[in-house]
Amino acid sequence: MPFYGGDELASVYERALEDDFALVASNVAEPNVMIGLVEGAAQADSPLLIQMSAGAMRFAGNGSAEDGLKAMGNYIDVIADQYDVEVFLNMDHQTDLEFIETQVDLDIPSSIMIDASHEEFEENVARSKRAVELTEQGEGDILVEAELGRIKGVEDEIVSEEAFYTDPEQAVEFVDRTGCDLLAISVGTQHGVAKGKDLELRPDLAGDIRQALVDHGLDDVPLVLHGSSGLQPDQLQTMITKGICKINKDTRYQYEYSRTLFDLYRAHEDELLPPEDVEADRDSFFNDIDWSPNKDHFDPRVGGRDVRERIAEVYADLAETAGSAGRSKL
């Protein structure tokens, strides 16, 4: 199929670890952002990792996550076939093991992120290990990403700020016991269990986690950075030198989507809204007044094309920053 499976994705991560670059994992919930991302990846000649959360799948599937996965999976597959870059699909922040089993049976995604980081350590291990077992039982090749967001050592249920960073030695234990292919770590970005905490960005800690994995023979496990939309380019590049091979982006695209449409409609407000001193009936589509809206600006395809172009620009810039530009094997 035009978008690729876990084996090919693993080879991209292997190259990323060797050459110090990262994939910008980009979330989508509807087609315009997705098409913009594929176009941007083609412009940058970068491998592309698209992500969908359970909520995004429910949105795309009119309330059904499974239908959304099938619909968007097929849509991505068809659009990816138009371009000569590797396109992958990751299921982001999955918490339902039963739905993960469905994803494995459908053999649509390239990778699945099991998120049990809100659980205590042992439960996180158990649920993450089960997700790995489910993918191994399937007929496809699907990678598993897991997340370890809190360190051990919290006493008397008193949770300090330090408890929201990932501990290097516990990261080794977690990867060893779960068999996960990628590990999402907490090093100071605002995301998940750390969201809202006054945390300092810790690239040194990412380096310590990477070194601990290497020291224990787990040097082929890429690290993942969630909550990266607010980081500056130099901060992202520093993280990449510490073993970060996957950088999640979602909020940035959401803002660019809305801002692009807002700028379009604001620039043509007089052609979209009737004069304030005119009583107009939208139900009759303004046939009782001389003014009428201009379809050149309210046709959804006009705004949709602008969104696609802007998302392509944003992704291409991010791929340059992350070093994945020019890395497509196709």
Side-chain angles (χ1 to χ4, degrees), residues 1-13 15-16 21-53 56-57 59-61 68-92 103 106-113 142-143 145 228-229 245-261 300-330:
M1 62 185 177
F3 76 78
Y4 291 84
D7 290 345
E8 184 67 24
L9 181 56
S11 72
V12 176
Y13 286 133
R15 286 185 279 137
F21 72 89
L23 288 183
V24 180
S26 304
N27 284 66
V28 303
E30 55 83 65
N32 283 317
V33 173
M34 180 270 291
I35 293 174
L37 288 170
V38 181
E39 175 62 31
Q43 292 175 13
D45 192 30
S46 168
L48 173 64
L49 179 58
I50 293 172
Q51 298 194 141
M52 291 194 73
S53 66
M57 284 183 278
F59 178 81
L69 172 58
K70 292 176 181 177
M72 285 298 291
N74 184 65
Y75 205 155
I76 295 167
D77 198 37
V78 171
I79 297 301
D81 197 30
Q82 300 176 359
Y83 295 87
D84 291 328
V85 293
E86 303 107 304
V87 177
F88 305 94
L89 178 61
N90 178 56
M91 302 290 95
D92 194 26
Q103 295 166 20
L106 291 172
D107 192 24
I108 293 178
S110 315
S111 59
I112 297 171
M113 189 258 174
I142 300 175
L143 302 183
E145 172 188 338
S228 67
S229 286
C245 295
K246 176 175 178 281
I247 298 170
N248 285 19
K249 290 283 183 179
D250 187 7
T251 307
R252 175 71 188 280
Y253 300 122
Q254 293 175 1
Y255 176 76
E256 294 292 349
Y257 183 102
S258 296
R259 178 62 185 271
T260 299
L261 293 176
R301 291 168 292 187
V302 176
R305 281 190 287 269
D306 286 356
V307 167
R308 294 177 185 184
E309 290 174 5
R310 179 56 185 155
I311 295 297
E313 292 173 359
V314 169
Y315 179 84
D317 286 345
L318 289 171
E320 289 288 346
T321 299
S324 67
R327 301 283 186 172
S328 174
K329 292 201 305 182
L330 305 182

query: Where do G5 and S110 come nearest, in terms of heavy atoms and distance?
result: C-CB, 4.0 Å
Evaluation steps, side-chain contact (heavy atoms from CB on, under 4.5 Å), between L9 and L23: CA-CA 10 Å; L9 181 56; L23 288 183; 3.8 Å; yes
- prompt: Roughly how far, to the nearest 0.5 Å, is CD1 of I142 from OG of S111?
  reply: 8.5 Å
statement: On a heavy-atom basis, the closest approach of L48 and A41 is CB-CB, 3.8 Å
query: So, Y315 and E39: side-chain donor and acceptor under 3.5 Å apart, yes or no?
result: no
message: With rounding to the nearest 0.5 angstrom, report the CG to CD1 distance, D81 to I76.
response: 13.5 Å
message: Measuring only between side-chain heavy atoms, which start at C-beta, is V87 closer than 4.5 Å to L37?
response: no
field: Charged N-O contact under 4.0 Å between E256 and R252
entry: yes
message: Show the nearest heavy-atom pair for residues V307 and T260, with the distance to one decimal.
response: N-CG2, 3.9 Å
- request: Any chance you could measure M52, atom CE, to N27, atom CG, to the nearest 0.5 Å?
  value: 9.0 Å
field: Note, S328 side chain near E86 side chain (heavy atom, < 4.5 Å)
entry: yes
- prompt: Is the shortest heavy-atom distance from the side chain of R15 to the side chain of K329 under 4.5 Å?
  reply: yes
field: Sub-4.5 Å side-chain heavy-atom contact between I311 and R308
entry: no
- request: Report yes or no: does R310 contribute a side-chain atom to a donor-acceptor pair with the main-chain N or O of R259 at less than 3.5 Å?
  value: no
- prompt: Is any side-chain heavy atom of Q103 less than 4.5 Å from a side-chain heavy atom of I108?
  reply: no
message: To the nearest 0.5 Å, what is the distance between CD1 on I112 and CD on E145?
response: 11.0 Å
Atom pair CG (D92) and CG (N248), whose distance is rounded to the nearest 0.5 Å: 5.5 Å
Validation row: L318, Y253 side chains within 4.5 angstrom (heavy atoms): yes
- prompt: side-chain contact (heavy atoms from CB on, under 4.5 Å) between Y4 and V12: does it pass, once the steps are laid out?
  reply: CA-CA 11 Å; Y4 291 84; V12 176; over 6 Å; no
- prompt: If you take all heavy atoms of N90 and M113, which pair is closest and at what distance?
  reply: OD1-N, 3.8 Å
- line: Between C245 and Y13 the two heavy atoms that sit nearest each other are O-CE2, 3.8 Å
message: Are the side chains of M91 and L69 in contact, using a 4.5 Å heavy-atom criterion?
response: yes
- request: For residues A60 and A29, report the shortest heavy-atom separation together with the two atoms involved.
  value: CB-O, 4.0 Å
query: Does atom OH of Y83 have more than 12 heavy-atom neighbours from other groups under 6.0 Å away?
result: yes
Derivation and outcome, side-chain contact (heavy atoms from CB on, under 4.5 Å), residues V85 and L330: CA-CA 6 Å; V85 293; L330 305 182; 5.5 Å; no
